[in-house]
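Report on the structure given below.
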Amino acid sequence: MKKLIVIFLVTLNLFATMILNLNVKESPQRVDLILNFDVPFDGVIAQKRAKDKIVLLLKNVKILAPWQRKLSSKIAYQIDVHPTKLGAAIAIYTTNNPKLMALKSKDGFSLKISLLPKPKTAGHTTSSVHWSVPDWFYWAIGIAGLFIALLLALRYAASRPKKTKRIVVANDTGAEFRILFEKPLDEKNKIALISFKGIDYLVIIGTSNVLLGKFKEGEIQSEEDFQKAIDAQDLSSAFTPPPQEEIFTTIEEYKKKASGNI
């Protein structure tokens with residue numbers, strides 16, 4: 001168990017950008033996957049096409065837990081997003097080899113990946129997203145299952161009845177990962193305060209994985225402080241995908257409440 005936690009903590013150190021939330025818009029003409037980040041995304045996207053899916057790797061991007069969405073579109077029928085050692089892997093399952101486009105918002109806080117019907121001439125080696133695929137990318141996709149197991153192990157540790165959980169691993173570089181407080185929201189979701197590298201993260205973990213805010217270490221010291229931080233959040237909107245016209249503005253609300261001076 002300790003070895004798994006060490007791997008997980010080392011992996012977190014490699015990422016500079018976190019996915020706050022994901023949303024999918026479907027229409028007969030296209031499928032749009034919209035990702036919102038906590039800081040502007042300036043990374044590299046690597047792509048690999050296979051017979052029944054397209055795999056994208058967002059380098060140096062992290063996601064707290066795997067995400068999946070079933071689709072009713074004829075263009076694609078499922079999208080999976082998993083954390084990997086090198087970044088966040090997006091697997092798009094399709095049978096008609098659609099055209100793929102990626103577009104960042106002007107401020108870099110959002111990325112829209114669009115799938116369009118199959119063009120007149122298409123092949124496994126052509127794409128509208130012009131990023132090369134390194135050889136080690138295939139290995140990164142293969143170990144995605146390992147990180148799913150790590151997240152399940154951490155959730156099990158979080159469910160044990162303790163206010164504060166402190167894990168110190170011997171012979172490491174001094175990294176510590178702590179779940180300070182947690183509270184169930186319903187049967188499938190909980191809200192928790194997680195401390196890592198001098199920053200406390202207020203997150204929802206479960207069917208929806210949402211970063212609600214960041215705090216200085218020690219700013220929240222008691223159950224009462226934790227409850228006040230929860231009361232200050234609009235939890236109902238955290239479970240509601242933003243409408244299309246607000247996709248590129250909701251991140252501004254997050255910046256106001258989460259960035260601060262941390």
All side chain to side chain contact (heavy atoms under 4.5 Å, CB included) counterparts of [X], not counting sequence neighbours:
X: S222; result: E224, D225
X: A229; result: L202, F215, I220
X: Q227; result: K183, I230, D231

Please round to the nearest 0.5 Å and tell me the distance separating atom [atom1] of [X] and atom [atom2] of [Y].
X: D80; Y: H82; atom1: CG; atom2: NE2; value: 4.0 Å
X: Q29; Y: S73; atom1: CD; atom2: OG; value: 9.5 Å
X: N36; Y: L22; atom1: CG; atom2: CG; value: 8.0 Å
X: T17; Y: L111; atom1: OG1; atom2: CG; value: 11.0 Å
X: K51; Y: N97; atom1: NZ; atom2: CG; value: 12.5 Å

- Query: Would V210 and V203 satisfy side chain to side chain contact (heavy atoms under 4.5 Å, CB included), going step by step from the backbone distance to the final call?
  - Reply: CA-CA 6 Å; V210 181; V203 298; over 6 Å; no
Quick one: do [X] and [Y] make a salt bridge, cutoff under 4.0 Å?
X: K104; Y: D42; answer: yes
X: K214; Y: D38; answer: yes
X: R69; Y: E26; answer: no

- Item | Nearest atoms (heavy-atom pairs only) where D200 meets G218 |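 Taking D200 first and G218 second, the nearest heavy atoms are OD2-N, 3.6 Å.
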- Query: Which word best sums up how the rings of Y93 and Y77 line up, parallel for under 30°, tilted for 30 to 60°, or perpendicular for over 60°?
  - Reply: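 Ring orientation of Y93 relative to Y77: tilted.
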- Taking it one step at a time, do I45 and L57 satisfy side chain to side chain contact (heavy atoms under 4.5 Å, CB included)? CA-CA 5 Å; I45 303 177; L57 176 66; over 6 Å; no
